[in-house]
Amino acid sequence: MDPVVTRFPPSPTGYLHVGGARTALFNWLYARHSGGRFVLRIEDTDTARSTQAAVDAIFEALEWLGIDWDDGPYYQSRRLDIYQSYIDRLLAAGQAYYCTCTPEELAEKRQKALAAGLDVRYDGTCRERGLPRTPDAVVRFKTPPDGTTTIHDVVKGDITFENREIGDFVIQRSDGVPTYNFAVVIDDITMGINTIIRGDDHVSNTPKQILIYQALGEELPVYGHVPMVLGQDRTKLSKRHGAMSVTAYRDMGYLPEALINYLVRLGWSCGDQEFFTREELIEKFSLENLGKSAGVFDPEKLLALNFDHIKAADPARLAGLLRPFLEQEGYDVDAGPDLEKIIATLNQRSKTLKDMARDAAFYYQGEIEFDPAAAKKFLRPAVLEALRLLRDELQRLGEFSEKGLEGVFVAVMEKTGFKLGKIAQPVRVALTGKTASPGIFEIMDVLGPQRVLPRLERAIAFIEQRAAAADK
RNA sequence: GGUCCCAUCGUCUAGUGGCCUAGGACGUCGGCCUCUCACGCCGAAAACACGGGUUCGAGUCCCGUUGGGACCA
């Protein structure tokens, strides 16, 4: 059995979107799973729409996802002479021919055929004319007039097309640039690609490609046409479906392994398993379990999966990933508490890194801004004594530890007769400004005495002021 | 319009003729836990598009209808 060789051939006409990323993933995973090779090829023959910026964006996205390639990147624009040699070969063998029908003539024929309710394929005017090469001539492939061409597809089964439905299609334009269907086949042949997993929007191109393989006497690759990823309105993914670029998810604070997990599970399954690490995916991915119906992209489920991956991620790695988000919020990370300790209090509650950075706000703020409603409800004279007591006990405690802190709270509870809830909420507001936060002992431990004490002091002063104002 | 593909809870899916009283996950709703909010845990509602066959037996096979999608024009 030859080693598996797969490929991913994006057109650099824009960012890499999630649908394309999924296709890349399937090919990459399959190559890695079977110990084969994965080839990257940039299909940039459409010079009008291809840009270097898009090429860079694609690299950036692939790198973030951790999709690496063994061969390439190849650029179609630099392979024109290779395509030409194959065109010449087909021409010489009489399997292709020059055609000088003008676009106007073709359009006219199409109109007539349409009006007469006939097929609108090329009528073969130049097929047997033996025309020489001229500047305005295109090259057409001589499709067998009869018979059928069938795709043996590993996901959809056999799909058969009538050859007469295909017609003599153009393989090289008059400017010498090969058409998509031709360039793809020549590339796949010369790059040794033997397994092609791609979107099923390519199904109708496939018989043409198979015909070219056959004309060249080349062995066919294994085809697997995977269903499209649809937007919430059940149509093909596009700009109007919102943020669909891979890097947009990175910027929103998603983990690459979460996006990968989500994308692969959309159209592939392994029993009831939902959560996969990248290693598990490589180990378990198989062509057999690819689904054959289109799937709707569900941001909610991706978010839930991201949450699960954040929970499972190593805090030390999270620290590196979170840092830019914190800096974006304007925080001086190195001046704050220990980052890994901060993450340990948040990684079971934040669904994205962006959320986490936002939830970490109180760790970095010098002077806590009390949420008015929270202050009104919890920073009231009734708890003044308890807070003072707490402050004194904490000062006596010196170094913080979760256990020591708990002891201090117990002591205060005993002296005041308050329950923990009665004391914890005011303290929470004092330390974070809000009524919701991680556990009170956890955050105090992370914050440390040098941050906790001044904040408590400030809350006490706040209440004293409030009491004084009320007395007047 | 032509060609092709697809069809299980709202969504992603398990299911490969009897194990299906159709399972899991997200979401939704209810409860528990609790220093708050989350997490977590427990529970609920929720699907085999429809109609014909084949078979002792069909979500599973065949045909048709309907619906959706893709490509070409």
Side-chain angles (χ1 to χ4, degrees), chain A residues 106-107 109-111 113-115 117-122 149-151 153 155-162 164-167 169 180-181 199-208 225-237 261-276 288-308 310-311 345-351 355-356 359 371 374 377-378 405-406 409-410 412-413 418-429 431-432 434-444:
Chain A
L106 292 170
K109 282 176 186 169
R110 192 173 299 131
Q111 288 296 337
L114 223 45
L118 296 171
D119 294 329
V120 292
R121 259 156 274 100
Y122 180 61
T149 296
T150 117
I151 310 171
D153 194 287
V155 354
K156 304 214 184 231
D158 285 2
I159 306 170
T160 300
F161 294 83
E162 296 287 337
R164 56 174 186 78
E165 296 281 352
I166 297 167
F169 54 95
Y180 167 76
N181 282 316
D200 69 4
D201 47 340
H202 286 287
V203 168
S204 38
N205 282 323
T206 309
K208 293 177 184 171
H225 287 94
V226 296
M228 307 265 75
V229 177
L230 272 24
Q232 311 251 262
D233 59 357
R234 299 207 136 271
T235 64
K236 198 177 169 181
L237 233 39
N261 188 163
Y262 176 71
L263 254 18
V264 173
R265 261 299 332 251
L266 213 193
W268 176 83
S269 61
C270 186
D272 279 342
Q273 190 171 347
E274 299 281 349
F275 182 95
F276 295 86
E288 290 75 52
N289 296 318
L290 284 166
K292 46 171 82 175
S293 55
V296 174
F297 186 89
D298 181 7
E300 290 278 357
K301 187 147 184 174
L302 169 57
L303 185 64
L305 219 34
N306 196 54
F307 188 24
D308 290 339
I310 284 180
K311 282 190 269 194
T345 67
L346 297 172
N347 69 162
Q348 302 298 311
R349 32 204 321 138
S350 305
K351 297 192 175 192
D355 284 352
M356 198 182 283
D359 294 341
D371 170 65
K377 185 164 180 197
F378 294 109
L405 289 165
E406 202 169 340
F409 270 79
V410 169
V412 174
M413 283 158 70
F418 286 167
K419 289 194 170 161
L420 180 55
K422 184 98 179 170
I423 306 172
Q425 277 307 81
V427 172
R428 192 184 312 282
V429 176
L431 299 180
T432 72
K434 298 190 172 59
T435 54
S437 84
I440 201 74
F441 306 131
E442 289 177 75
I443 62 177
M444 288 174 80

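Quick note on labels: first sequence line is chain A, next is B, and so on, each numbered from 1. None of the values given here were measured: they were computed from a predicted structure.
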Run the side-chain donor-acceptor check on residues 199-208 of chain A: report pairs under 3.5 Å with partners two or more places apart or on a different chain.
residue : atom : partner : partner atom : Å
D200(A) : OD2  : K156(A) : NZ           : 2.9
H202(A) : ND1  : Y180(A) : OH           : 3.2
N205(A) : OD1  : N181(A) : ND2          : 3.4
T206(A) : OG1  : R198(A) : NH1          : 3.1
T206(A) : OG1  : H202(A) : O            : 2.9
T206(A) : OG1  : V203(A) : O            : 3.3
T206(A) : OG1  : H225(A) : NE2          : 3.2

When rounded to the nearest Å, what value does the distance between [atom1] atoms of [N] and [M] take?
N      : M      : atom1 : answer
G43(B) : C61(B) : C1'   : 38 Å
C39(B) : C12(B) : C1'   : 23 Å
G17(B) : U54(B) : C1'   : 11 Å
C19(B) : G68(B) : C1'   : 33 Å
C20(B) : G15(B) : P     : 14 Å
U66(B) : G51(B) : P     : 15 Å
G64(B) : U3(B)  : P     : 14 Å
G53(B) : A14(B) : P     : 30 Å

Requested in this report: Treat primed atoms plus P, OP1 and OP2 as sugar-phosphate and everything else as base, then score nucleotides 4-10 of chain B 5' to 3': B for base contact with protein heavy atoms under 4.0 Å, S for sugar-phosphate contact only, - for none.
Outcome: SSSS---
To the nearest angstrom, how far is [X] atom [atom1] from [N] atom [atom2]?
X       : N      : atom1 : atom2 : result
E300(A) : U11(B) : CD    : C1'   : 10 Å
F276(A) : C12(B) : CZ    : P     : 17 Å
L266(A) : G69(B) : CG    : P     : 17 Å
Q348(A) : G40(B) : CD    : P     : 9 Å
K301(A) : U11(B) : NZ    : P     : 12 Å
R265(A) : G27(B) : CZ    : P     : 15 Å
D359(A) : U36(B) : CG    : P     : 18 Å
R428(A) : A38(B) : CZ    : P     : 12 Å

Could you please name the partner base of [N], counting Watson-Crick and G-U wobble pairs only when both distances are under 3.5 Å?
N      : value
G40(B) : C32(B)
U60(B) : none
C9(B)  : none
U3(B)  : A70(B)
U65(B) : A49(B)
C19(B) : none
A14(B) : none

Requested in this report: Please report the shortest heavy-atom distance between M444(A) and L431(A), naming the atom on each side.
Outcome: CG-CD1, 3.4 Å
Query - Shortest non-hydrogen contact from P227(A) toward K292(A) - result: CG-C, 3.3 Å
Requested in this report: Name the closest nucleotide to the E274(A) side chain, picking from U11(B), C35(B), A25(B).
Outcome: A25(B)
Report summary line: Of C35(B), G27(B), U11(B), the nucleotide closest to the side chain of R234(A) is U11(B)
Contact class for [X] vs. all strands (heavy atom < 4.0 Å): base, sugar-phosphate, or nothing?
X       : result
F409(A) : nothing
G267(A) : sugar-phosphate
G295(A) : sugar-phosphate
K311(A) : sugar-phosphate

**Report entry** N-glycosidic conformation, C39(B) - syn within 90 degrees of 0, else anti
**Finding:** syn
**Report entry** F378(A) side chain reached by V427(A) side chain, heavy atoms, under 4.5 Å
**Finding:** no
Query raised in the report: Are I310(A) and K351(A) close enough that some pair of their side-chain heavy atoms sits under 4.5 Å apart?
Result: no
Requested in this report: Hey, could you give me the OG1/CD1 distance between T432(A) and I443(A), rounded to the nearest 0.5 Å?
Outcome: 5.5 Å
Query raised in the report: Heavy-atom count around K377(A) NZ within 6.0 Å, excluding the residue itself: above 12?
Result: no
Query raised in the report: Within the structure, does a side-chain N or O atom of S269(A) lie under 4.0 Å from either OP1 or OP2 of A14(B)?
Result: yes
Query - Check: Y262(A) side chain, D298(A) main-chain N or O, donor-acceptor pair, under 3.5 Å - result: yes
Query - Short side-chain to backbone donor-acceptor contact, D355(A) and S350(A), under 3.5 Å - result: no
Identify all side-chain donor-acceptor contacts of residues 265-276 of chain A below 3.5 Å with residues at least two apart in sequence or on another chain.
residue : atom : partner : partner atom : Å
R265(A) : NE   : W268(A) : O            : 3.1
R265(A) : NH1  : Q273(A) : O            : 3.3
R265(A) : NH1  : E274(A) : OE1          : 3.1
R265(A) : NH1  : E274(A) : OE2          : 3.4
W268(A) : NE1  : S286(A) : O            : 3.2
Q273(A) : OE1  : K284(A) : NZ           : 3.0
Q273(A) : NE2  : F275(A) : O            : 2.9
Q273(A) : NE2  : E280(A) : OE2          : 3.1
E274(A) : OE1  : K301(A) : NZ           : 3.4

Query raised in the report: Which sits closer to the 5' end of RNA chain B, H202(A) or T435(A), going by the nucleotide each is nearest to?
Result: T435(A)
Requested in this report: Report the residue (P438(A) or D201(A)) whose heavy-atom-nearest nucleotide on RNA chain B is the more 5′ of the two.
Outcome: P438(A)
